[in-house]
Amino acid sequence: MPGELLTMGILKLVSNTFLLVILAVFLVVPTGIVLGLRPQIKTSVLGAQTVKSDLFQRTFLNDDQNVWIKTFEKDNQTLDFIIYKGASNQNQRYPLYEIENTTAKPFEIVFRSPDKIFGPFIKQKIYLNRCMTDKPCQSFLIYNLVDEQKAASELTFPSEAGEKLKFELLVEIYGQTDPASFNISFELPFQIVTRE
Amino acid sequence: MLSKILLKLIDEAVLPAVILVSTKIIGLGLINFFFHFTFEIKFFPQMILPALVYTDSQEALLANSYSNLLMYGAIFVGFLWVIVKSIHLHETHISPKATQKLAQWNLLKLLTNSYNLYHQAVVWFLFLWIAVGILIFYSFSDLTYWWVSVASLAFNFVLTYLIIDDVEREFYARRAFNNGYS
């Protein structure tokens with residue numbers, strides 16, 4: 001008799017666990033499907049394209065699918081970045097582009113800091129690096145989510161006639177981050193100012 | 001007894017589960033169709049479901065926000081119907097006048113007992129909070145407007161209050177019944 005009771009008890013326990021698992025499946029599977037239907041942004045990369053204008057020749061350097069430059073038009077000079085799957089270490093560099101002043105006059109390249117960075121709450125500092133062939137890159141802070149230190153709201157880089165400037169983004173991550181899910185996006189307004 | 005409860009809960013969970021998924025898919029389809037958004041359906045090897053890939057992040061945000069809103073709205077309406085039944089069509093505390101009217105209109109089948117009602121309520125309540133959890137997750141990922149999550153959360157609190165209030169009424173009704181017959 002006690003053996004039968006024990007068997008019955010075990011059977012009941014097993015069947016109830018099974019039903020509980022089915023109920024959990026009914027709750028978890030729809031949730032998973034809805035979360036799996038999250039929209040994704042197309043990750044098209046301009047690669048090593050060269051853009052020429054009356055003022056400059058610009059070659060994009062982002063050849064490793066780390067930076068997506070969405071908008072880059074002469075009339076609407078704003079760089080729209082989505083950086084994804086890149087932060088494999090704490091200081092990740094994203095080559096941006098090389099810009100050559102093709103005029104006989106100097107001009108200025110003016111960058112304005114992004115207002116907001118979209119993405120997971122990762123503490124980060126973003127620098128714009130200006131690199132020259134024979135010197136180490138100079139870093140300029142454009143966004144700071146680590147402390148309350150203010151980033152420069154505007155950065156001006158003079159460019160002499162025929163001069164080549166190379167720009168890159170440097171992202172400093174503070175704390176742990178998963179490189180596979182790292183994904184931030186921001187706009188970097190940019191303008192070329194000619195001098196008479 | 002426990003297996004009976006679990007079976008009933010599973011039975012009641014089918015409808016909200018289907019509604020949650022189908023309204024999300026229908027919502028995405030409708031919004032993409034009416035707003036003429038540019039997107040592709042892609043299959044990635046690491047993903048079970050196909051992905052909707054947008055070329056514009058704003059379009060992705062808008063499509064996801066409004067499809068989530070539709071999904072939440074459907075679950076909200078479902079749970080609201082359970083609450084309406086629990087307040088106005090509940091066997092244990094329906095007024096004699098209302099019963100008489102239902103009988104006149106031949107709608108007595110709308111009357112619900114506590115067993116069916118509270119199993120439904122538990123399941124819809126879970127889905128309501130799952131839906132809000134999904135919205136909050138999406139808002140943190142910048143894929144849904146925050147106002148959608150905040151408004152849904154506020155509605156959830158209201159519905160939660162209403163169902164707790166009804167459970168309380170049921171409790172007092174049962175206590176009064178038991179005291180009367182003991």
Side-chain angles (χ1 to χ4, degrees), chain A residues 8-46 68-71 76 78-85 114-122 178 180-187, chain B residues 1-14 16-25 27-28 32 37-40 42 44 46-64 67-68 71 123 126-127 130-131 133-135 137-138 140-144:
Chain A
M8 285 280 282
I10 290 169
L11 278 174
K12 253 193 163 5
L13 188 73
V14 170
S15 70
N16 284 344
T17 312
F18 178 68
L19 289 172
L20 207 62
V21 169
I22 292 176
L23 183 64
V25 165
F26 269 95
L27 297 173
V28 172
V29 169
T31 310
I33 292 173
V34 173
L35 288 175
L37 285 170
R38 62 184 287 162
Q40 303 204 352
I41 317 294
K42 195 174 185 177
T43 50
S44 61
V45 176
L46 287 173
W68 175 36
I69 300 169
K70 201 187 87 188
T71 313
N76 180 20
T78 300
L79 296 169
D80 195 353
F81 290 104
I82 292 183
I83 299 175
Y84 61 99
K85 292 184 183 177
D115 294 328
K116 197 188 170 191
I117 305 273
F118 296 95
F121 293 98
I122 300 168
D178 174 17
S181 62
F182 178 78
N183 182 327
I184 58 170
S185 64
F186 59 92
E187 285 186 347
Chain B
M1 184 64 188
L2 183 66
S3 58
K4 209 177 155 192
I5 291 171
L6 287 170
L7 270 172
K8 181 72 181 159
L9 287 175
I10 291 167
D11 187 33
E12 295 293 348
V14 177
V18 170
I19 286 178
L20 190 86
V21 177
S22 57
T23 48
K24 173 71 186 173
I25 294 169
L28 273 174
N32 288 323
F37 288 162
T38 324
F39 71 98
E40 295 172 74
K42 278 195 170 176
F44 294 104
Q46 72 273 24
M47 288 168 75
I48 303 163
L49 292 166
L52 287 186
V53 184
Y54 290 81
T55 45
D56 190 313
S57 56
Q58 281 305 309
E59 286 183 0
L61 175 69
L62 211 132
N64 201 44
S67 60
N68 282 344
M71 177 190 79
V123 167
L126 284 173
F127 274 97
I130 284 173
I134 291 169
L135 294 186
F137 170 80
Y138 272 137
F140 272 114
S141 315
D142 286 322
L143 281 169
T144 292

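Within every chain, numbering begins at 1; the chains are lettered A, B, ... in the order of the sequence lines, protein sequences first and strands thereafter.
For a residue to count as touching a neighbouring chain, one of its non-hydrogen atoms must lie under 4.5 Å from one of that chain's; by this rule A51(B) touches chain A with the side chain only. With a threshold of 4.5 angstrom between heavy atoms, L49(B) approaches chain A through side-chain atoms but not through N, CA, C or O. Heavy atoms closer than 4.5 Å to chain A are found in both the backbone and the side chain of V14(B).
For a heavy-atom cut-off of 4.5 Å, chain B lies close to N16(A) in residues 9-16 of chain A. Chain B is approached within less than 4.5 Å, heavy atom to heavy atom, by L19(A), L20(A), I22(A), L23(A), F26(A), L27(A), P30(A) from residues 19-30 of chain A, ordered by number.
Side-chain atoms of L37(A) and L52(B), non-hydrogen and from C-beta on, never get closer than 4.5 Å to each other.
Taken to the nearest 0.5 Å, the CG atom of L28(B) stands 13.0 Å off from the CZ atom of R38(A).
With sequence neighbours left out, I19(B) forms a side-chain contact (heavy atoms from CB on, under 4.5 Å) with L15(B), T23(B), A74(B), I75(B), W124(B).
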Could you pull out all donor-acceptor pairs under 3.5 Å where a side-chain atom in residues 3-13 of chain B meets a protein atom, sequence neighbours excluded?
| residue | atom | partner | partner atom | Å |
| --- | --- | --- | --- | --- |
| K8(B) | NZ | E12(B) | OE2 | 3.0 |
| K8(B) | NZ | N116(B) | OD1 | 2.8 |

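V34(A) and Y138(B) get closest at one heavy-atom pair: O-OH, 2.7 Å.
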